[in-house]
Novice: 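Input: one structure, supplied below.
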There are 2 protein chains.
Amino acid sequence: MMKYRRIPEETIRRMPRYLRAFSTLGGHGRGFLSSRQLADYLHLNPPQIRKDLSYFGDFGTRGVGYPVSQTAEQIRKILKLDVSQKAVLIGAGRLGTAIASYPGFAIFGFNIAAIFDNAPAKIGKKIAGLTIQDTARLAAIRSGDVHLAILAIPGEAAQTCADTLVQAGVRGILNLSPCWLRVPKRVKIVSIDLAMEMGTLPYYIK
Amino acid sequence: MMKYRRIPEETIRRMPRYLRAFSTLGGHGRGFLSSRQLADYLHLNPPQIRKDLSYFGDFGTRGVGYPVSQTAEQIRKILKLDVSQKAVLIGAGRLGTAIASYPGFAIFGFNIAAIFDNAPAKIGKKIAGLTIQDTARLAAIRSGDVHLAILAIPGEAAQTCADTLVQAGVRGILNLSPCWLRVPKRVKIVSIDLAMEMGTLPYYIK
DNA sequence: TTGTGTTTGTACTCACTTTCACAAGCTCAT
DNA sequence: ATGAGCTTGTGAAAGTGAGTACAAACACAA
Ligand SMILES: NC(=O)c1ccc[n+]([C@@H]2O[C@H](COP(=O)([O-])OP(=O)(O)OC[C@H]3O[C@@H](n4cnc5c(N)ncnc54)[C@H](O)[C@@H]3O)[C@@H](O)[C@H]2O)c1
Ligand SMILES: NC(=O)c1ccc[n+]([C@@H]2O[C@H](COP(=O)([O-])OP(=O)(O)OC[C@H]3O[C@@H](n4cnc5c(N)ncnc54)[C@H](O)[C@@H]3O)[C@@H](O)[C@H]2O)c1
């Protein structure tokens, strides 16, 4: 039972999937889900799922499966999503506004605590119950326990803004602008370039 | 000069990156970019880039680098982005509206040709110069040469809608809803679940 | 023409990831 | 209590991708 192996990066990347599957398939019920059922839903192979979960402990019961609510709670603990994670949203443009009013972040424990923009016309306005604040006062978030940020500003401003966020104590950034950010190693970036992701689609059309 | 090797999936996934880099770094100029310069910008290793590009031909010149406009055009050809690719957008909600008016898809040759929704209150309204059409009439796109779709509707409706799209001749789908679509093998899906992607961030916060 | 400096293209090696196969362990009917 | 039927957890094998090192090729100066 040597569980001191290194946990693969790809396993970490799949953990939120499992959480999503347990939340969706399990409903609010307290039943069990087998690696087979999970695999069918997530389009993965059962042994992959079993191995991934087993890196963190023996969550399942042989002959039965994984207990829904218990395993979900375990994954939340592993990903540190068991406590509400405050995030700031930078950029109250088209994409930022959509994100601000999106309830889907709550399932993962994310809570948008503040919205910033640098356009005078937008500062002071309210979206999703939050008043848009001036980016110039971004440093003030240092006092609160905000460690996450969502970047929804133009690419040209993204690096400068990321620098400020890191200065303000942010440790993780979801970057939606089409550029590659340079940050200290302790800061984790997840970049999503929607247009670019779509760029592979025509290749596969025969 | 045996170039009959299998092209790795990961290489395909990186090709749009290279296109983005050539577009951004190269500007409209007609200079050269070395694998080193590209790597610095994209946060990759130079040999990785050279190997990826060499799968498709000898685009570079030793001692010089890759010719910007020529290589960009080659990559567009490889990804079939050299011709304008029509796409339909399904869902004129918060996210759909943001996407409809986003100019960033054009760089990759994407052109949103029509917008659909099933809400009576939205059908007939205009966004981004396009009149929102009734999803019930989605099958009509068969006549036009539309092979791509962007799905920005709730997860519960996504699978049914995907089925209709496939019936209507769509061969590639950018799915933004938090669910895993089941489609025939000939259809390519790129799914992006923003909330889920963010789910790994807290894990890395020490 | 020759030498120097630079950069590509790629064989080889190494690392990571996924899949396979099966023993161990649980449930439940008899 | 026992056996039949599942499902987990995991070592070993297979598959895939990344990194290293270097020869080949080009530009340009002398
Ligand atoms: N809209 C989309 O569908 C979409 C799709 C993919 C990617 N993106 C990317 O997301 C980002 C935002 O896109 P958008 O469409 O919402 O753009 P937008 O122009 O509608 O909004 C950008 C917002 O950022 C604000 N801003 C600009 N510079 C700022 C700064 N230095 N500090 C704070 N705020 C600043 C602007 O005032 C504006 O409100 C862009 O990088 C874009 O490329 C958008
Ligand atoms: N808003 C965000 O920031 C965000 C972020 C991540 C993911 N998403 C996902 O993107 C999708 C859309 O999100 P949203 O925030 O724009 O939702 P929304 O409710 O604002 O918009 C959904 C739109 O889809 C339409 N619709 C519903 N069922 C339909 C059907 N069967 N056919 C055609 N149209 C239909 C609705 O009329 C509405 O206009 C959802 O799956 C959501 O989970 C949104």
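Every chain is numbered from 1 and lettered A, B, ... according to where its sequence line falls, protein lines coming before strand lines. What you are looking at is a predicted structure, and each value in this text was computed from that prediction instead of being measured.
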Novice: Filter on side-chain hydrogen bond (donor to acceptor under 3.5 Å, both in side chains), then keep only pairs touching residues 154-169 of chain B, sequence neighbours left out; what's left?
Specialist: Gln159(B)-Asp163(B)
Novice: Can you check whether Tyr55(A) has a side-chain N or O nearer than 4.0 Å to OP1 or OP2 of dT17(C)?
Specialist: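 Answer no for this pair, as no side-chain N or O of Tyr55(A) is under 4.0 Å from OP1 or OP2.
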Novice: Which pairs pass salt bridge (charged side-chain N to carboxylate O under 4.0 Å, His left out) with one or both residues in residues 140-151 of chain A, sequence neighbours excluded?
Specialist: Lys86(A)-Asp145(A)
Novice: Rounded to whole angstroms, how far apart are CD1 on Ile49(A) and P on dT7(D)?
Specialist: 13 Å
Novice: Can you confirm if the aromatic rings of Tyr102(A) and Phe105(A) lie within a centre distance of less than 6.0 Å?
Specialist: yes
Novice: Summarise protein proximity over nucleotides 20-28 of chain D in one line of letters, 5' to 3': B for base, S for sugar-phosphate only, - for none, counting protein heavy atoms closer than 4.0 Å.
Specialist: BB--BBBS-
Novice: Does dT10(D) have OP1 or OP2 sitting under 4.0 Å from an N or O in the side chain of Arg5(A)?
Specialist: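 It does, given that an N or O in the side chain of Arg5(A) lies less than 4.0 Å from OP1 or OP2 of dT10(D).
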Novice: Please pick, from dG17(D), dT10(C), dT7(D), the nucleotide with the shortest atom-to-atom distance to any side-chain atom of Ser54(B).
Specialist: dT10(C)
Novice: Run the salt bridge (charged side-chain N to carboxylate O under 4.0 Å, His left out) test against Lys188(A) and tell me which residues pass, sequence neighbours left out.
Specialist: Glu9(A)
Novice: Contact class for Arg13(B) vs. all strands (heavy atom < 4.0 Å): base, sugar-phosphate, or nothing?
Specialist: nothing
Novice: What's Thr11(A) touching, base or sugar-phosphate or nothing? Going by heavy atoms closer than 4.0 Å.
Specialist: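 Nothing, no heavy atom under 4.0 Å.
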Novice: Quick one: list whatever passes salt bridge (charged side-chain N to carboxylate O under 4.0 Å, His left out) with Arg76(B), sequence neighbours left out.
Specialist: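 For Arg76(B), the residues satisfying salt bridge (charged side-chain N to carboxylate O under 4.0 Å, His left out) (neighbours in sequence not counted) are Glu73(B).
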Novice: Using distance only, find each side-chain donor-acceptor pair of residues 42-51 of chain B under 3.5 Å and give its atom names and separation, not counting sequence neighbours.
Specialist:
unit_1   : atom_1 : unit_2    : atom_2 : d
His43(B) : NE2    : Arg182(A) : NH2    : 3.2
Gln48(B) : OE1    : Arg14(B)  : NH2    : 3.2
Arg50(B) : NH1    : Ser35(B)  : OG     : 3.1

